[in-house]
Undergrad: 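Here's a structure for you.
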Amino acid sequence: MEIFIQVIASGLTLGAMYAVSTIGLALVYSALNMLNMSQGALLAFGGYVCFYAMETLGLPAPVAMLAAMVVGGGLGLAIYLLVARPMLGSPMFETQIFIATIGIGSVLQSVVLQLFGPQPKAQPLNVPGGVSLGGVVVPWQSLLILTIALAMLAGVAWLLGRTRAGLAIRATAQNRDAAQLMGIRIGQVYAQVLMLSGALAALSGIMVSSLSGLLPTMGADPMLKAFVICVVAGLGNVPGAAIAALLLGLLEAIIQYLFGVQYAFAILLGLVIGVLIWRPYGLFGKRQVVRL
Amino acid sequence: MSLLEIEGLEAGYGAQAVLHGLNLTIGEGSFAALVGPNGHGKSTTLRAISGLLRARAGSIRFAGARIDRLRPDQIVAEGIIHVPQGDMLFPELTVIENLRLGAYLPKAAAEARTRLDEVFSLLPKLRERQDQVASTLSGGERRMVGIGRGLMAGGRLLMLDEPSLGLAPIVIDQIYEVVRHLAVSGRTILVVEENAMRIAELADRMHLMDNGRIAWDGLGSEFLSRPEIRAAYLGG
Ligand SMILES: Nc1ncnc2c1ncn2[C@@H]1O[C@H](COP(=O)(O)OP(=O)(O)OP(=O)(O)O)[C@@H](O)[C@H]1O
Ligand SMILES: [Mg+2]
């Protein structure tokens with residue numbers, strides 16, 4: 001029972017953390033057909049901005065987090081304006097932006113390396129202690145991450161489902177030409193989506209680094225997982241991505257407990273391959289394949 | 001008074017030129033039909049007017065002002081509403097969400113309530129289906145949503161691209177009822193239609209398209225009474 005609570009708690013924390021960056025990725029793919037390969041670097045950037053704001057500038061944690069999200073959003077906007085927008089009309093857009101964002105990612109990572117050095121650093125954003133739940137101590141840190149992540153997911157769900165801007169985003173994702181014929185300025189939608197995704201990546205980076213520390217390469221693993229989750233959910237399916245992220249977080253925690261950390265990712269990928277053979281368009285993908 | 005004036009319009013896709021100097025004028029309050037064989041650039045003309053496709057040469061004036069350099073959303077805001085060929089609904093949204101998106105711009109949103117009532121009374125099927133997801137509708141229902149969505153926008157010029165294409169005869173009759181209603185409502189309408197004879201009964205003016213140009217235009221009644229025109233441009 002105690003083990004069960006522990007595994008669930010860490011699984012949900014992992015899952016919620018993954019969900020925050022994954023929905024950003026899914027949103028950008030659904031709106032622009034753009035796989036943002038610089039997501040990992042944006043995660044790291046966010047983590048370091050928060051570190052810098054607290055450690056060097058002495059700002060309080062909430063302000064530092066907000067600052068990191070603003071910087072992340074700004075980077076997202078810059079990526080749209082400077083890189084994605086000029087490529088948009090091209091028939092090769094998906095490939096071009098894929099390669100281009102790999103480049104952006106390595107540039108951002110180098111910047112982090114230049115500014116902060118290669119040594120690991122501890123994220124000052126750390127809440128000590130824990131709360132006793134059924135005989136197990138669940139760290140405050142985990143609960144805080146879970147709470148913030150769920151609040152963020154709820155916020156994004158509200159934005160997409162209940163606001164005019166969200167309706168414009170969903171319309172653009174479903175049919176760009178039709179969206180324009182409704183009077184939606186799709187360039188603005190793209191910019192908003194990349195900003196939101198950049199801010200979410202920064203927040204996710206802060207969460208990840210508060211558990212496992214800061215390194216310039218810290219974004220690589222969460223980004224890979226975010227891609228895996230997106231593919232499992234069905235590329236571009238935003239609510240599906242959030243659910244798949246929570247499932248995968250739980251699954252990862254269970255596998256870690258049963259088989260050990262070193263096997264977690266391999267087993268996870270094995271399962272994912274299984275899922276994709278079973279459902280090529282992902283768990284929540286809409287298109288049905290014709291089976292022979 | 002002409003509402004839309006197109007002069008020497010050239011447009012196309014990649015290396016392929018589709019429109020070769022098209023001239024077209026539509027009077028305020030008139031019902032114009034654009035007809036012609038498949039692939040001669042009817043939809044391309046509408047896409048150029050609504051800004052989905054950039055004009056390469058020539059000019060498009062709406063209510064006296066050039067619009068050929070505006071973005072599609074700006075052109076909608078000017079009052080040109082384009083109901084595209086093939087419906088182009090938002091497949092994962094419900095009927096009502098699709099309709100609401102028709103009134104996305106603030107000016108239309110302010111009148112969305114009354115417009116919705118008008119759309120529902122013109123297309124009662126949509127009221128029944130309002131909470132159904134668009135991708136699960138029948139072809140005829142989809143067409144009605146497409147037209148209803150366009151009507152939600154209000155606007156000064158309504159462009160319908162093949163409103164009866166691919167529908168069963170009985171559904172075509174229903175759609176024509178709606179088109180007829182629009183024709184007598186005094187709105188300015190440009191409709192692209194496969195069935196030239198049928199639309200000529202309703203249209204004030206017929207514009208015959210031939211290979212990226214307007215080859216003939218005249219009154220609907222003239223088109224009906226001169227079979228040699230049909231023979232020359234539409235192959236009988
Ligand atoms: N997106 C596109 N990319 C490339 N070529 C296109 C595209 N859309 C249309 N075309 C080509 O442009 C030409 C004119 O097409 P358009 O759709 O304007 O014809 P249309 O008169 O509307 O025909 P239909 O009656 O079949 O709808 C055709 O040769 C078509 O193949
Ligand atoms: Mg056409």
Side-chain angles (χ1 to χ4, degrees), chain A residues 26-27 29-31 33 81 85-86 88-93 157-192 233-243 281-288, chain B residues 13-15 43 46-47 49-54 70-94 96-109 112 133-136 142 145-146 149-155 158-161:
Chain A
L27 210 52
Y29 187 80
S30 75
N33 285 20
L81 291 176
R85 192 167 67 167
L88 265 174
S90 160
M92 297 288 290
F93 175 76
W158 173 81
L159 175 82
L160 288 178
R162 295 268 176 271
T163 67
R164 190 174 125 92
L167 187 61
I169 292 173
R170 287 187 292 151
T172 304
Q174 290 175 39
N175 192 322
R176 271 176 220 170
D177 280 353
Q180 297 190 80
L181 294 180
M182 302 300 107
I184 292 169
R185 187 173 174 184
I186 55 170
Q188 218 164 48
V189 169
Y190 295 158
Q192 287 165 355
L235 257 179
N237 182 329
V238 179
I243 296 168
Y281 289 105
L283 283 179
F284 310 102
K286 286 278 155 54
R287 244 170 304 175
Q288 291 293 313
Chain B
Y13 306 91
S43 298
L46 298 201
R47 291 175 71 83
I49 296 170
S50 59
L52 290 177
L53 193 65
R54 275 251 168 277
L70 300 183
R71 292 188 310 267
D73 59 290
Q74 294 172 313
I75 292 172
V76 177
E78 291 294 318
I80 298 183
I81 310 307
H82 179 179
V83 177
Q85 186 171 347
D87 304 324
M88 292 200 195
L89 303 184
F90 302 107
E92 290 165 36
L93 301 185
T94 61
I96 191 84
E97 287 173 316
N98 269 279
L99 292 176
R100 291 244 159 80
L101 269 163
Y104 174 80
L105 290 177
K107 211 168 125 203
V133 173
S135 62
T136 63
R142 271 206 277 274
V145 175
R149 191 178 64 176
L151 294 176
M152 289 296 292
L158 179 66
M159 305 194 294
L160 302 171
D161 198 346

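As the structure is a computational prediction, the values presented were derived from the model and not from experiment. Order of the sequence lines fixes the chain letters, A, B, ..., with proteins taken first and strands second; residue numbering starts at 1 for each chain.
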Undergrad: Pick from B:Pro91, B:Gly150, B:Gly102: which one has the most heavy-atom pairs with chain A under 4.5 Å?
TA: B:Pro91

Undergrad: Select one option (side chain, backbone, both, neither) describing which atoms of B:Leu89 are under 4.5 Å from chain A's heavy atoms.
TA: backbone

Undergrad: Who in residues 171-178 of chain A is close to chain B, using a strict under-4.5 Å heavy-atom cut-off?
TA: A:Ala171, A:Gln174, A:Asn175, A:Asp177, A:Ala178

Undergrad: From B:Met88 CE over to A:Gln180 CD, what is the distance, rounded to the nearest 0.5 angstrom?
TA: 10.0 Å

Undergrad: Where on B:Leu52 is there a heavy atom nearer than 4.5 Å to chain A: the side chain, the backbone, both, or neither?
TA: side chain

Undergrad: For B:Arg71, which residues count as a side-chain hydrogen bond (donor to acceptor under 3.5 Å, both in side chains) partner, sequence neighbours excluded?
TA: B:Asp73

Undergrad: Heavy atoms only, distances under 4.5 angstrom: which of B:Gln74, B:Arg100, B:Arg47 has the most pairs with chain A? Name it, please.
TA: B:Arg47

Undergrad: Please find the pair of heavy atoms, one from B:Leu105 and one from A:Gly183, that lie closest to each other, and give the distance.
TA: CD2-O, 3.4 Å

Undergrad: What residues, two or more places apart in sequence or in another chain, satisfy side-chain hydrogen bond (donor to acceptor under 3.5 Å, both in side chains) together with B:Asn98?
TA: none

Undergrad: Considering residues at least two apart in sequence or located in another chain, which fulfil the salt bridge (Lys or Arg N to Asp or Glu O under 4.0 Å) criterion with A:Arg170?
TA: B:Glu97

Undergrad: Heavy-atom cut-off 4.5 Å, strictly under: side chain, backbone, both or neither for B:Arg149 against chain A?
TA: side chain

Undergrad: What's the spacing between A:Leu181 CG and B:Ile75 CD1 if we round to 0.5 Å?
TA: 10.0 Å

